[in-house]
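A short write-up of the structure that comes next.
Since the model is a prediction, treat every value here as computed from it, not as a measurement.
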Amino acid sequence: EIYTLGSRMFLSEAIGKGVGTLNSLGEKLPLHPSPLQANVALWRTRKLLRRRSEESLMRLPMMTDPKKLASMQMLNLIFLSTLYARPLLTPIVVSRMVRLTVEHGMSAVSCLGFSTYGMILCSGGANIEQGYRYGKVGMEMYNKFKAEAWFCRVSAIYHGCVRPWREPFVLSCEPLKQAYRMGLTSGDIEYALLNASIYCWNSRDSLPLYVLNKEINELVERIKFLGQESQLLLLKPLWQTVHNFQGKSGGNPNILSGD
């Protein structure tokens with residue numbers, strides 16, 4: 001139900017149900033956090049990880065507590081909805097995934113937790129070295145579990161939002177395309193389309209405008225056909241930017257409004 005609500009643009013409802021479930025599992029989260037609460041969550045995570053090496057993280061035992069495993073799955077379910085609709089909640093969700101992993105052991109969801117923590121650190125170029133480090137930890141955790149169902153999710157974050165800060169984007173192109181294809185095949189539609197959207201965003205400096213516009217048009221049609229309207233929140237600003245540069249929207253090309 002939470003997944004369906006999020007994909008159909010009922011993002012607040014999806015977050016509300018997810019946070020309510022987490023509260024019942026003993027994982028209290030604020031529904032409308034303040035910037036201070038988000039920063040405190042990240043500070044606590046940095047403190048928790050300060051003296052832990054990549055090797056020690058990879059030696060963590062497996063998570064076995066059913067409530068903690070259920071909490072990790074619920075955090076995974078609401079992650080994208082918070083990213084789109086309540087960004088101050090995102091670092092709290094991600095920090096909780098990392099904390100549960102360190103304190104209660106590793107699960108398949110841990111690979112998403114550490115890769116998204118790396119994404120947050122890299123955001124805006126704030127802490128690229130540490131972000132890249134934890135992004136790689138997330139990929140190593142994925143490799144440890146060898147759970148193909150998670151490749152689509154980890155790929156979008158690591159190859160789309162972490163790796164390009166340190167390595168040429170061309171090295172991430174094929175993994176993003178592969179994750180898109182795998183996600184459509186496995187049924188992880190939401191993250192498949194996220195990989196494709198991130199690929200379009202990161203290709204804006206390398207593809208001719210008419211080629212990029214064609215790829216975006218095709219992707220938008222597929223998003224609508226698959227009923228994943230929430231993905232348009234990420235893609236529409238890029239689509240409008242391309243139209244502006246092509247002179248299709250008229251007026252000031254710096255204003256992202258129109259088609």
Check: How far does CG of D65 sit from CE of M72, to the nearest 0.5 angstrom?
Finding: 12.0 Å
Item checked: Under-4.0 Å salt bridge between E27 and K67 -> no
Check: Roughly how far, to the nearest 0.5 Å, is the CG atom of L232 from the CD1 atom of I223?
Finding: 5.0 Å
Next item on the list: Look only at the side chain of R163 and the backbone of L171, and say whether a donor-acceptor pair between them is shorter than 3.5 Å.
Entry: yes
Item checked: Approximate separation, where rounding is to 0.5 Å, of Q228 CD and L235 CG -> 13.0 Å
Next item on the list: Could you tell me which residues satisfy ring-ring contact (aromatic ring centres under 6.0 Å, His included) with F79, sequence neighbours excluded, listed by chain and number?
Entry: none
Note to self: Using only atom types and a distance under 3.5 Å, with no angle test, would you say the side chain of S95 pairs donor to acceptor with the backbone of P91?
What the structure shows: yes
Notebook entry, point to check: When you measure from the side chain of N76 to the backbone N and O of L112, does any donor-acceptor pair fall under 3.5 Å?
Noted result: no
Check: Can you name the ring-ring contact (aromatic ring centres under 6.0 Å, His included) partners of Y199, sequence neighbours left out?
Finding: none
Margin query: Let me check something: do V137 and L42 share a hydrophobic cluster, defined by ILVMFWY side-chain heavy atoms less than 4.5 Å apart, either directly or through other members?
Written below: yes
Margin query: Could you check whether any side-chain N or O of T90 sits under 3.5 Å from a backbone N or O of L83, counting only pairs where one atom can act as donor and the other as acceptor?
Written below: yes
Check: Shortest non-hydrogen contact from S34 to L88?
Finding: C-CD1, 4.1 Å
Notebook entry, point to check: Do S53 and M58 pass the side chain to side chain contact (heavy atoms under 4.5 Å, CB included) test, and can you show the C-alpha distance, the side-chain angles, and the key distance before you say yes or no?
Noted result: CA-CA 9 Å; S53 65; M58 294 306 300; over 6 Å; no
Next item on the list: Please report the shortest heavy-atom distance between V162 and S115, naming the atom on each side.
Entry: CG2-O, 3.8 Å
Check: If every non-hydrogen atom of L100 is compared with every non-hydrogen atom of S71, which pair is closest and at what distance?
Finding: CD1-CB, 4.1 Å
Next item on the list: Give a yes or no on whether a salt bridge exists between E229 and K224, defined as a side-chain N under 4.0 angstrom from a carboxylate O.
Entry: no
Next item on the list: Evaluate the side-chain proximity of I78 to L22: yes if any heavy-atom separation is below 4.5 Å, no if none is.
Entry: yes
Checklist line | Path from I92 to L36 over hydrophobic side-chain contacts below 4.5 Å | finding: no
Notebook entry, point to check: Is a side-chain N or O of N217 found less than 3.5 angstrom from the main chain of N213, in a donor-acceptor match?
Noted result: yes
Next item on the list: Determine, for E103 against K68, whether the closest basic-nitrogen to carboxylate-oxygen distance falls under 4.0 angstrom.
Entry: no
Check: Is there a side chain to side chain donor-acceptor pair (under 3.5 Å) between E167 and Y132 once you walk through the steps?
Finding: CA-CA 10 Å; E167 302 177 43; Y132 184 67; 2.4 Å; yes
Item checked: Residues forming a salt bridge (charged side-chain N to carboxylate O under 4.0 Å, His left out) with R133, sequence neighbours excluded -> E54
Next item on the list: Show your working on side chain to side chain contact (heavy atoms under 4.5 Å, CB included) between W165 and E129 and close with a plain yes or no.
Entry: CA-CA 9 Å; W165 285 99; E129 293 303 318; over 6 Å; no
Next item on the list: Check C152 against N195 and note the closest heavy-atom contact, atom names and distance.
Entry: O-ND2, 2.8 Å
Margin query: Do M119 and W43 sit in one hydrophobic cluster, given that two such residues count as connected whenever their side-chain heavy atoms are within less than 4.5 Å of each other, even indirectly?
Written below: no
Note to self: Please check this pair: side chain of D188 against backbone of R153, looking for a donor-acceptor N/O pair closer than 3.5 Å.
What the structure shows: no
Next item on the list: Return yes if some donor-acceptor pair links the side-chain N/O of Q130 with the main-chain N/O of N127 below 3.5 Å, else return no.
Entry: no
Check: What pair of heavy atoms forms the shortest contact from L212 to R204, and how long is it?
Finding: CD2-CA, 3.7 Å
Notebook entry, point to check: Taking it one step at a time, do L226 and L184 satisfy side chain to side chain contact (heavy atoms under 4.5 Å, CB included)?
Noted result: CA-CA 10 Å; L226 293 170; L184 290 180; 4.2 Å; yes
Item checked: In one Ile/Leu/Val/Met/Phe/Trp/Tyr side-chain cluster, 4.5 Å: L207, V170 -> no
Note to self: Do Y180 and M182 land in one hydrophobic cluster if side-chain heavy atoms of ILVMFWY residues count as linked below 4.5 Å?
What the structure shows: yes
Next item on the list: Please round to the nearest 0.5 Å and tell me the distance separating atom CZ of F245 and atom CG of L209.
Entry: 7.5 Å
Next item on the list: Pick out which of W150, F114, Y158 makes a side chain to side chain contact (heavy atoms under 4.5 Å, CB included) with Y142.
Entry: W150
Notebook entry, point to check: For the atom pair CD1 (I15) and OG (S81), what is the distance rounded to the nearest 0.5 Å?
Noted result: 5.5 Å
Check: When you measure from the side chain of S110 to the backbone N and O of M106, does any donor-acceptor pair fall under 3.5 Å?
Finding: no
Notebook entry, point to check: Taking C-beta and beyond as the side chain, do R99 and T45 meet within less than 4.5 Å on heavy atoms?
Noted result: no
Item checked: Nearest-0.5 Å distance that lies between atom NZ in K236 and atom NE2 in H243 -> 11.5 Å
Item checked: Side-chain ion pair, K214 and E218, N-O less than 4.0 Å -> yes
Notebook entry, point to check: Is it true that a side-chain atom of S203 and a backbone atom of S206 form a donor plus acceptor pair closer than 3.5 Å?
Noted result: no
Next item on the list: Please answer whether the main-chain N or O of L234 pairs with a side-chain N or O of W201 as donor and acceptor at a distance below 3.5 Å.
Entry: yes
Checklist line | Heavy-atom closest pair, residues L176 and A156 | finding: CD2-CA, 4.3 Å
